Each structure stands twice: as C-alpha cells, then as structure tokens.
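A quick note: this is a predicted structure, and the numbers were derived from the prediction, not measured. Each chain gets a letter, A, B and so on, in the order the sequences are listed, and its residues count up from 1.
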Amino acid sequence: MSEAPLLQVQHLTRTFAGGHRGQRLALRANDEIDLTLGASGPEIVSLVGESGSGKSTLARILLGLDRPSVGRVLYHGVDVAKLRGRAWWQYRREVQAVFQDPYGIYNPFYRVDRVLDRPVRHFRLAASRREADEKIDGALRAVDLRPQDVLGRFPHQLSGGERQRIMLARLYLIRPRLIIADEPVSMIDAALRTMFLNILLDFRDQGISCLFITHNLQTAYYLGGRCLVLYRGRMVESGSIDEVLQEPAHPYTRVLVSSIPSPDPTQRWSGELPEAAVESGSPPGPNECAFAQRCPHVMERCRSERPSHHRVSGDREAACLLFEDVVPAAKATDLDRPKPT
Amino acid sequence: MAAPALVVHGLKVYYHTSRGPFRVVDGVQLELEQDEILGIAGESGCGKSTVVEGILRLVAPPGRIEAGRVLLYGNRAEAVDVLSLAEEAMRRIRWTRLAYVPQGSMNSLNPVLRVREQMLDAMLDHGARSRSECLDRIPILLRAVGLTPSTAEMHPHQLSGGMRQRVVIANSISLNPEVVVADEPTTGLDVHAQRQVLETLLRVRREHRVAMIFVSHDLAVHAQLVDRLVVMYAGQVMEIGPVVPMFRDPRHPYSLGLVASMVRIGGPRRRLFGIPGLAPSPLEWPGGCRFHPRCPYAFDRCREVVPVLQPLEPGRWAACHLYAEGLTDRLAQARREMLAGPAATGARLQEVHAVDQHAAGGEYGE
Ligand SMILES: Nc1ncnc2c1ncn2[C@@H]1O[C@H](COP(=O)(O)OP(=O)(O)OP(=O)(O)O)[C@@H](O)[C@H]1O
Ligand SMILES: Nc1ncnc2c1ncn2[C@@H]1O[C@H](COP(=O)(O)OP(=O)(O)OP(=O)(O)O)[C@@H](O)[C@H]1O
Ligand code: SF4
Ligand SMILES: [Mg+2]
Ligand SMILES: [Mg+2]
C-alpha cells in the first residue's frame, strides 16, 4: 500500500469517569500518547509499566474494542475510526490479540477445534474442508502441538501452555500484520515461555509485528526491539530495550528496573524497596509530572508543568525535566545527582 | 541437628475420572527445615499445587490422597501425621500450626466486606476465641506485612493486587502458625508488587519465625527468596538442593533445561532452547524416567528403569541415571551445551512456515 507506518497513535487520550479506588477525578487511563509501530519494517515493541498504568486500555483501543476519547489511531495512514465495511473487516483480521489467560476466550462447551475452525470460516482461509483441515494441522504443528493430541478436546482438558499455543496456532492461520499480546506469558513457566517468545520472533521474521505488553522485563529483553514505558497513562520513556533496561533514564524507569528480580541467587536485593516504588494515592494533575509525587529527584517545576519528551540519546526519549538540556550523548548515570534548579 | 519442620514421604494424589486415574502427584518426598523457605518449581501442570493441597489435606474430589505421610513437627520435637488425623483434629491444626495461601487467593477476598471484617472472620473461623483480642491483633498483622493499619477500613477493590496479596499473607499468619505454605503468591503481580510481597515473606519469616513452602513457576522469584529449591516434573521430585548451587550447577537434565531457559538482562541475546517436546499426560506417564522422551541425554536404562532420588553430595539430591551410572562427564557436557547452545525450534519452525506460506500464496486478504 502506501509508505505510511503500519500503525500510528496520535495524541491518544482515554478518560474514564469516576476514576478508580474511590477517587472522584476523571481518570486518564491513557494520557496524550504518541507512538509509531512498524515504520521501517516489522518490529516487536514492548509496552511495560506497573499495574494500572493503562497498557490494556491502549491494547483494547488498538484492537478496536474501545475508542479513544481524544486523538487518533492510524492504520497504514488511515484513521481507524473511519474504517467501514471491508476495510474494517480487514483491519480486524490484520490486527489480532493474544491475552493472558486465553481460557476466558474459549467457550467451555465447545471443543478447541472451534477456536481454529472459526477464523478459517470467518476470514475464508480455505476453499474446502480438506484444505481447512490441512491448514489447521500445519498451524498446530508449527507451534509444536500434535493435532491428534489436542483436537477433539475441551478447553479444561488442556494445560495452560497448550491453550496458549493453540492461540498462537490460530494467529498462524490468520496471519495478521500486527499481534497485540497482553501479558501472554505471565502464567507459564520459563521453558514454555521461551517457546512462545521464539514463535513471536519467527513471526516477526515473516513480517508480523507485535506490541508485547508485559510485567516481565526479562521477556521484553529477550524479544529485543523497542520498549515503551507507561506510567499512570503517560508515556514516560521510549527507546531500544537494551538502553532502557540497562541505562534507564526516567526516574520512574529506574525504579521499575530496580524491582526486576535478578535470576541469580547470589545477587539478591539489598535493603528494602525504594520509597518511590510504593504507590501513591491521587492521580497526577494535568500540569505536573506524572511521577512528581514519588520521584526522588523532584524539583519545584515538576509540580507545575507537564514535562515534554526530551531526547536522552539517539532515538531515546524521556518525559522528564532532568533531560531538558541534556546533550544527546549524556549518560543517564550522570543524572543521579539532582540538578539545581 | 534439630528436627525438621515438616516431612513429606511418598505422597500420592490421584484424580479419578472416567478415563482412569490421573496420577498427578506420584510419590513426592521432601523435607522442610526449621526457619527455612523451601521453593517448589516446575512447569505448569506438574503437580505443584496438588502437592501443597495434599499437605494441607485440601484435595477436592475426584482427587484423593492415595498414599504417603505428612509429618508436621513445627517447632516441637514430636510429629503429628497430618494425613492420619481425624477431621476435627485436622481443623484444629490448620491455620494454628499449618497455614495456607492458595493460588489466586488475592482474587478471592470477599468484595463486600472490609479488610477488618475479613481478617476477623478468618481468625474466628479457624478457632480464635476472643473477638476483642482478634481486633487488637489486626493492626499488628497489617504492619507485619508492610500495610498501614488504616488498610483495615478498606474494601478489596480499593486495594492493588500487591496489597490484597499482603492482606492474604497477614491472614495466614494471624494465628501464629509454625509452617506457612504459599502457592504462587507473586504470580500476576507487577514487579513492584512482586518485590513487596517477597520482602513481606522474608520479613514474616524473620520476625515470626515460620518455615515456609513457596510455590512458583518463576525461577527468578525463587532466586530472590528461597533457601533451598525442589524441582518437580510429572508429579515427582527430580532434584533438591540449596538454591545457589542449584542455579549455578543444576544436576538433573530437566533442572538444567529450566535454568538454561532463564533470560538475563544484559546477557548475550541468543535464542534459548526451552525444553522441546510435550509435557506428558498424568493418565499415562512415560515408563522409566518420566523425563526420558524429552531428555537429550537419555540412554537405554532411562526408558526401562525408574531413577530414584539419590544423594550426590551433602544436601543435593537428583533422580537421574546419569549419576547412578557414573556418567557424570555426560552431564558436564550437557551443562555446557544447554547453557550455551543455539535453539533448534526456530530453524525448524522456519521450514514449516516457508512451506505453508508458499501454499497460501495469493490468498492473503481474502
Ligand atoms: N472500563 C473502565 N472503567 C473505569 N476505569 C477503567 C476502565 N478500564 C480501565 N480502567 C482504569 O484505567 C486504569 C488503567 O487500566 P489498565 O487495565 O489499562 O491498566 P494495565 O496497565 O493494563 O494494568 P495491569 O498491568 O494490571 O493489567 C486503571 O486505573 C483502571 O482501573
Ligand atoms: N479434576 C481433575 N481431573 C483430572 N485432572 C486434574 C483435575 N484437577 C487437576 N488436574 C490435573 O492435575 C495436574 C496438576 O495440576 P496442578 O494444579 O497441581 O499443577 P501446577 O503444577 O500447580 O500447575 P500451575 O503452574 O499451572 O499452577 C494438571 O495436569 C491438571 O490438569
Ligand atoms: S534418567 Fe535418563 S532420561 Fe531421565 S533425566 Fe536422567 S538422563 Fe535424562
Ligand atoms: Mg492489563
Ligand atoms: Mg498451581
């Protein structure tokens, strides 16, 4: 088609009336988010951030299950809200979801075969029953499942990992352009997780992009690519996952990274959790930094203006006043001393 | 040496279905020492939750405890065999001596009750007599898990996942148990909440002197918390040992596979193996070593003879014929390969895809 990126999110805001946990203010679950995906070929982008930061809200909007309050989502340069008929149907086919516990999306009364049959019919992927069966068999084998083992079974007769892989087999059949994976690996063990992630890498090599939402930063690191850090609905940092995890710039990202459990029993956390990792009550005001209430580097101005995105280095950006006049090559470690204002 | 806190011998738990018995836990043995945190790891479905349900005697039908002994010493010199207690006696020790945090319990708090009422009910239900003493205890318990006493006034939906999980932990220690069994208490939490829960467990152990069994499928969490680790596969224990040498030098090929599947941030970015092959069915476990169909180092004996847990060096046990046969150089080679090799799955997948893409040519979008 055109040269427009696969997906662009422009100034997207999603507010919910009433807020959460008893607060009165409207809650900005997504707050002026901008992002571009697949601008130069297929890619994997990880979306990370604490619970409640708005990851699933964004995922639901991208999947067409919810609408932004403000802002737009462009698919190949076309506003998704304006897609109709065949174009909408195609969008729904090309942008597919994988959820945390796929158990919810299986109907317990139907055999798992239906999960694979339905897209074949709905998206007319095969011309005959035989062709459909062949494709389903191939898709199951592609995710290391034996068709004779899983077909004909009910969802509760499969393990969590098997159900998860059937979801991937389903994607393999549909061949979307973009996978939105919301916490797909949090319930499964390392070995199954590795196989799941390898399938996403193979998918990418075949032209399928992925927005990978996770709490598990090790898996994001394994996938490589870019990383976006969300905090209270706002994008606070973006850049290559290697840089973001190894030299986090935004003070929130630093706190986030310090809470990652090291898989090495000789490197345990020392001391208690930093104060900043403990959640605070009220949502940030529109004219302050989202992290001001918890930030160990907070300055006067952080409470009176919303920081814009500043370049940290290369293509890395952080929404933090500490980086206001950082020369592009500055090291995040120089910033441990708060600057005088 | 002091008596252990809890000993499990030959525990078997089967689910009886029309297709036959699912031998989900099939001869598990382990020992929990005083003041220790013992981790249980293993893939989804290997029977971790069923083991702890067996220890607590909370297996639901069609599941049944078929065999075994669960000896609870706690901090006493004499043991009681949990599995042979009368129901009434069992009810008395549950919570007061042996407490349990079930998998997913943070999502099963009653939504209409305040934290205070839930904590009070839980204590009274488990045999506490004085209502006012219980109420006095609530702020102390909340502080013990790092929550402010005002949390007692909140409803569950006003708490984050990590806070709810800490309320559940506060509940579990409310009657001063000697042993706490926690099943996946950090699963599904974000990294901050996970760290808070882990620090809470460490603090509870330190300040309340309990021994803990901690179940998780996430090895990184075990690395941060536990003293010793049990690796389960297919309803049995494959390896036991202190956590540091278990991670540095896993002895059982399955433990090796798990450790080799961990991602280290900052480490080289290469494809990991995973553990190829399918988890076996509890309806028909493979004969001989249950891991043999997936084990890259299996030899004839593995297909025929069941390996038993045997001591390798002080404190370390593994159930694998490589040791019985003295084939340790084979294991050394295994370790080198699994901790450094490229993955096979990727390449194979690529082939499948290439063929299929060809077959699907031109159909995209229709
Ligand atoms: N339909 C809704 N109505 C009201 N508030 C909502 C709704 N959906 C989400 N929220 C709120 O929006 C915020 C962001 O929620 P979201 O589910 O997107 O977070 P998340 O980053 O996916 O969290 P988690 O990691 O726990 O899945 C939360 O405070 C949530 O309570
Ligand atoms: N009612 C039942 N009938 C037959 N099999 C059952 C029943 N309940 C559980 N199982 C089987 O028991 C096995 C072990 O389950 P268990 O919950 O102990 O595993 P787990 O190691 O805790 O897994 P996870 O990491 O997913 O929590 C699974 O294969 C499961 O399918
Ligand atoms: S006993 Fe044999 S099959 Fe089992 S783990 Fe050891 S080498 Fe592998
Ligand atoms: Mg979510
Ligand atoms: Mg379990």
Side-chain angles (χ1 to χ4, degrees), chain A residues 21-22 49-52 90 93 100 124-125 135 138-139 141-142 144-146 149 159-161 172 175 183 186-195 198-199 201-202 205-206 215-219 221-222 224 245-246 255-256 259-269 272-273 277-279, chain B residues 41-45 157-162 187-196 198-199 217-224 226 243-244 246-248 257-258 261-266 269 271-279 343 345-346 349-350 352-353 355-357 360 363-366:
Chain A
R21 294 185 203 146
E50 66 186 11
S51 184
Q90 183 150 344
R93 171 181 171 176
Q100 173 173 46
R124 284 172 247 145
L125 303 176
K135 288 207 156 167
R141 273 196 297 271
D144 263 341
L145 288 172
R146 284 189 288 264
D149 278 0
S159 77
Y172 182 84
R175 294 190 172 275
E183 284 289 349
S186 71
M187 310 299 274
I188 57 182
D189 53 275
L192 271 177
R193 183 186 286 170
T194 306
M195 110 147 256
N198 285 343
I199 292 171
L201 289 170
D202 289 339
D205 295 344
Q206 294 163 36
H215 287 311
N216 187 309
L217 290 103
Q218 272 109 352
T219 56
Y221 178 81
Y222 182 71
L245 294 185
Q246 292 176 69
V255 170
L256 181 73
S259 289
I260 301 173
S262 158
D264 180 347
T266 62
Q267 288 177 15
R268 292 195 170 174
W269 289 307
E272 293 274 299
L273 192 67
V278 180
E279 65 196 291
Chain B
E43 66 190 356
S44 179
H157 71 270
Q158 295 173 293
L159 305 175
S160 68
T187 301
L189 297 177
D190 69 35
V191 289
H192 305 306
Q194 201 173 64
R195 180 165 173 186
Q196 284 172 327
L198 293 177
E199 281 173 0
H217 67 272
D218 188 344
L219 280 189
V221 168
H222 285 293
Q224 286 295 324
V226 308
V243 66
V244 171
M246 282 275 281
F247 273 67
R248 192 174 44 222
L258 284 185
S261 302
M262 285 193 309
V263 179
R264 289 176 176 76
I265 290 173
R269 187 166 281 111
R271 283 242 173 163
L272 296 174
F273 262 113
I275 298 173
L278 300 179
T345 336
L349 257 180
Q350 222 97 109
V352 181
H353 286 252
V355 171
D356 198 73
Q357 246 167 0
E363 207 182 16
Y364 190 68
E366 185 44 56

> Of all of A/N216, A/T266, A/L217, which one pairs up most often with chain B through heavy atoms under 4.5 Å apart?
Replying inline: A/L217
>> Looking at A/Y221 and B/G266, would you say the former's side chain and the latter's main chain have a donor-acceptor pair under 3.5 Å?
In response: yes
> Out of A/D264, A/L256, A/L245, which one racks up the most heavy-atom pairs below 4.5 Å with chain B?
Replying inline: A/L256
> Do the side chains of A/R193 and B/M262 get nearer than 4.5 Å, heavy atoms only?
Replying inline: no
> Just by distance, do the side chain of A/E50 and the backbone of B/H192 share a donor-acceptor pair under 3.5 Å?
Replying inline: no
>> The test is side-chain contact (heavy atoms from CB on, under 4.5 Å); show your working for A/T219 and B/V263 and say whether it passes.
In response: CA-CA 7 Å; A/T219 56; B/V263 179; 5.6 Å; no
> What residue in B/V243, B/D218, B/V221 has the most heavy-atom pairs under 4.5 Å with chain A?
Replying inline: B/V243
> B/I265 versus chain A, heavy atoms under 4.5 Å apart: side chain, backbone, both or neither?
Replying inline: both
>> For A/I260, is there any backbone N or O sitting under 3.5 Å from a side-chain donor or acceptor partner on B/Q224?
In response: no
> Hey, does the side chain of A/R268 reach the backbone of B/A223 with a donor-acceptor pair shorter than 3.5 angstrom?
Replying inline: yes
> Contact part of B/L198 toward chain A, heavy-atom cut-off under 4.5 Å: side chain, backbone, both or neither?
Replying inline: side chain
> Do B/Q194 and A/P261 touch side chain to side chain, with heavy atoms closer than 4.5 Å?
Replying inline: yes
>> Is there a side-chain contact between A/Y222 and B/R264 in this structure, where contact means two heavy atoms from C-beta onward sitting under 4.5 Å apart?
In response: no
>> If you define the side chain from C-beta out and look only at heavy atoms, does anything of A/M195 sit under 4.5 Å from B/I275?
In response: no
> Got a sec, which residues hit side-chain contact (heavy atoms from CB on, under 4.5 Å) with B/S261, two or more places apart in sequence or on another chain?
Replying inline: A/A190, A/A191, A/T194
> Are the side chain of B/D190 and the backbone of A/H215 linked by a donor-acceptor contact shorter than 3.5 Å?
Replying inline: no
>> Which residues pass the side chain to side chain donor-acceptor pair (under 3.5 Å) test with A/R146, not counting sequence neighbours?
In response: A/D149
